[in-house]
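Worksheet: one structure, shown below.
Just so it is clear: chains get the letters A, B, ... in the order the sequence lines come, proteins before strands, and each one is counted from 1. Quantities reported herein were computed from a predicted structural model and do not represent experimental measurements.
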2 protein chains.
Amino acid sequence: MEPAVRRGRPRSEAADARINGAALELLLERGYDAFSVDEVAVKAGVAKTTLYRRWPTKDHLVVAVVARMQDEVPVEYRGDVRADLTRYLNAIVDGLDRMRLAGRPAASGDASAGLVAEVAAAAARHADIGSAVQAMFVRRNALVLRLIEEARDAGELCEDVEPEVLFDQLAGALYYRLLITGRPIGTAYVDRLVTSVLRGAAA
Amino acid sequence: MEPAVRRGRPRSEAADARINGAALELLLERGYDAFSVDEVAVKAGVAKTTLYRRWPTKDHLVVAVVARMQDEVPVEYRGDVRADLTRYLNAIVDGLDRMRLAGRPAASGDASAGLVAEVAAAAARHADIGSAVQAMFVRRNALVLRLIEEARDAGELCEDVEPEVLFDQLAGALYYRLLITGRPIGTAYVDRLVTSVLRGAAA
DNA sequence: GGCATTACGCAACAGCCGTAGCGGAAAGAC
DNA sequence: GTCTTTCCGCTACGGCTGTTGCGTAATGCC
């Protein structure tokens with residue numbers, strides 16, 4: 001894809017590192033609105049044009065920062081769909097929780113959409129971000145879809161279960177509560193959700 | 001709540017009407033980014049300060065415009081949960097579809113988050129918008145929760161079904177596809193979704 | 001070494017958001 | 001009628017986003 005060796009002067013990796021550090025720090029402590037590209041440039045000791053040479057808009061920068069703080073969630077079928085899905089969903093919730101903004105104390109259990117909502121909005125605003133976000137979720141979800149298929153093949157789930165729909169029910173409920181209704185998401189809710197979803201799918 | 005009679009000079013209702021018209025038109029044809037408060041003021045023939053006297057930020061104005069284009073979705077239990085829920089969810093999808101931006105052709109069936117994502121982001125940015133949005137959804141969803149309860153009491157659903165969780169699965173899947181994965185949402189998908197959800201809940 | 005290419009820092013700019021101050025207009029309160 | 005309160009239009013402003021132009025630095029290619 002990308003030519004390994006590019007023609008002119010190479011990008012300063014030191015600048016990359018300083019920008020990433022400054023942007024991450026400022027984004028978490030300020031939130032999207034008060035997060036300013038100018039300030040990132042100053043804090044990183046870099047000209048603003050250097051930032052815009054890497055990301056065409058503030059949205060692209062923010063999404064890149066958020067994407068970088070996403071770590072892999074282990075997905076593995078260990079022979080118990082209920083336990084495996086519960087573990088996975090709880091990991092997702094933890095990941096979302098870690099993306100809460102520093103400023104907002106977020107009364108315990110409160111679902112603070114924070115940066116997730118900004119990423120969704122950025123995806124809606126810019127087609128290229130939308131494609132990238134979708135691709136990321138397709139890749140992540142593929143593992144869970146395989147897990148569901150394995151559980152079905154192992155006889156834990158009905159033959160005619162639709163993995164995609166089943167997963168939409170699980171993940172959708174979480175994101176719906178996070179982004180729309182703002183209701184709390186705890187381990188108790190995850191348990192209730194998995195119970196409700198699996199009741200119709202269990203063999 | 002609000003004092004019916006206020007003290008000083010009353011707000012110009014003519015200005016209200018012109019602002020609403022101009023804002024709605026410009027928002028739909030431009031999208032959130034290119035939608036400019038200055039331009040609304042010019043198009044409405046009104047000073048910018050008149051706008052900011054009504055809405056403290058651009059986000060508040062946008063959310064107000066979007067809220068005004070939401071019409072009531074009829075919810076009624078007619079004795080067939082599957083049909084009733086399917087009808088309701090399809091109405092939701094239609095409503096979301098109507099909020100698509102004029103500019104984006106949205107390849108048939110494509111879920112274009114458009115303004116929905118912006119409202120979610122605005123809710124995450126401003127606590128007062130968040131509260132208002134949540135209250136709106138609580139009110140809307142209350143009708144569907146009652147529908148589910150009636151169906152349960154009528155013996156169509158299990159005794160121990162949890163209406164809130166069940167509804168999260170349904171609505172969540174739709175918004176998840178719309179906002180996150182961007183996968184298409186059609187009547188066929190709604191059918192598959194309702195089938196999957198009701199299978200575990202049916203008595 | 002010389003050339004094309006790309007990155008860097010710096011400065012200036014247009015457009016937008018949101019605020020502040022002003023004179024004047026339209027209502028209620030007395 | 002007078003006073004107070006609130007709205008209106010106007011102007012100006014600070015801060016942010018994103019762009020442009022310029023001189024300079026670093027790399028590959030010949």
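Annotation: R146(B), atom CZ; neighbour count of heavy atoms from other residues, nucleotides and ligands within 6.0 Å does not exceed 12.
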Got a list of side-chain donor-acceptor pairs under 3.5 Å for residues 36-47 of chain A, not counting sequence neighbours?
| residue | atom | partner | partner atom | Å |
| --- | --- | --- | --- | --- |
| S36(A) | OG | D38(A) | N | 3.2 |
| S36(A) | OG | E39(A) | N | 3.0 |
| D38(A) | OD1 | K48(A) | NZ | 3.4 |
| E39(A) | OE1 | R30(A) | NE | 3.1 |
| E39(A) | OE2 | R30(A) | NE | 3.3 |
| E39(A) | OE2 | R30(A) | NH2 | 2.3 |
| K43(A) | NZ | E25(A) | OE2 | 3.0 |

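The distance between atom CG of D38(A) and atom C1' of dG14(D), rounded to the nearest whole Å, is 12 Å. The separation between R30(A) atom CZ and dG15(D) atom C1' is 13 Å, rounded to whole Å. Rounded to a whole Å, the NZ atom of K48(B) is 9 Å from the P atom of dG18(C). Straight-line distance from the CG atom of D33(B) to the C1' atom of dG15(C): 13 Å, rounded to whole Å. Nucleotide dT17(D) holds its C1' atom 12 Å from the CZ atom of F35(A), rounded to whole Å. To the nearest angstrom, C1' of dT6(D) lies 9 Å from CZ of R11(B). Straight-line distance from the OH atom of Y52(B) to the P atom of dG9(D): 16 Å, rounded to whole Å. When the C1' atom of dC17(C) is taken as reference, atom CZ of R125(B) falls 13 Å away, rounded to whole Å.
No donor-acceptor contact under 3.5 Å links the side chain of T49(B) to the base of dC7(D). Between the side chain of K58(B) and the base of dG18(C), no donor-acceptor pair of N or O atoms lies under 3.5 Å.
The residue S12(A) sits close only to the backbone: its heavy atoms come under 4.0 Å of sugar-phosphate atoms, none of a base. Within 4.0 Å (heavy atoms only), T57(B) reaches sugar-phosphate atoms of the nucleic acid but no base atom.
With I185(B) as the partner, the side chain to side chain contact (heavy atoms under 4.5 Å, CB included) test is satisfied by one option alone out of I92(B), L96(B), L174(B), D97(B): L174(B).
In the model, Y175(B) has no side-chain atom that pairs as donor or acceptor with a side-chain atom of D168(A) under 3.5 Å.
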Could you go through nucleotides 24-27 of chain D and list every protein N or O atom that sits under 3.5 Å from one of its N or O atoms, giving the distance for each pair?
| residue | atom | partner | partner atom | Å |
| --- | --- | --- | --- | --- |
| dA25(D) | N3 | R9(A) | NH1 | 3.1 |

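Contact between the side-chain N/O atoms of S36(B) and the OP1/OP2 oxygens of dC17(C) is found at a separation under 4.0 Å. Taking 4.0 angstrom as the limit, T50(B) places none of its side-chain polar atoms (N or O) nearer than this to OP1 or OP2 of dC7(D). Taking 4.0 angstrom as the limit, R53(B) places none of its side-chain polar atoms (N or O) nearer than this to OP1 or OP2 of dA20(C).
For E156(B) (side chain) and V81(B) (main-chain N/O), a donor-acceptor pair under 3.5 Å exists by modelled atom type.
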### Query
Are M99(B) and V66(B) close enough, and set up right, to give a side-chain contact (heavy atoms from CB on, under 4.5 Å), and what steps lead you there?
CA-CA 8 Å; M99(B) 285 177 49; V66(B) 171; 3.6 Å; yes
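For R54(A), the side-chain atoms get nearest to dC8(C) when compared with the rest of dT17(D), dC17(C), dC8(C).
Below 30°, between 30° and 60°, or above 60°: for Y176(B) and F137(A) the angle between ring planes is above 60°, a perpendicular geometry.
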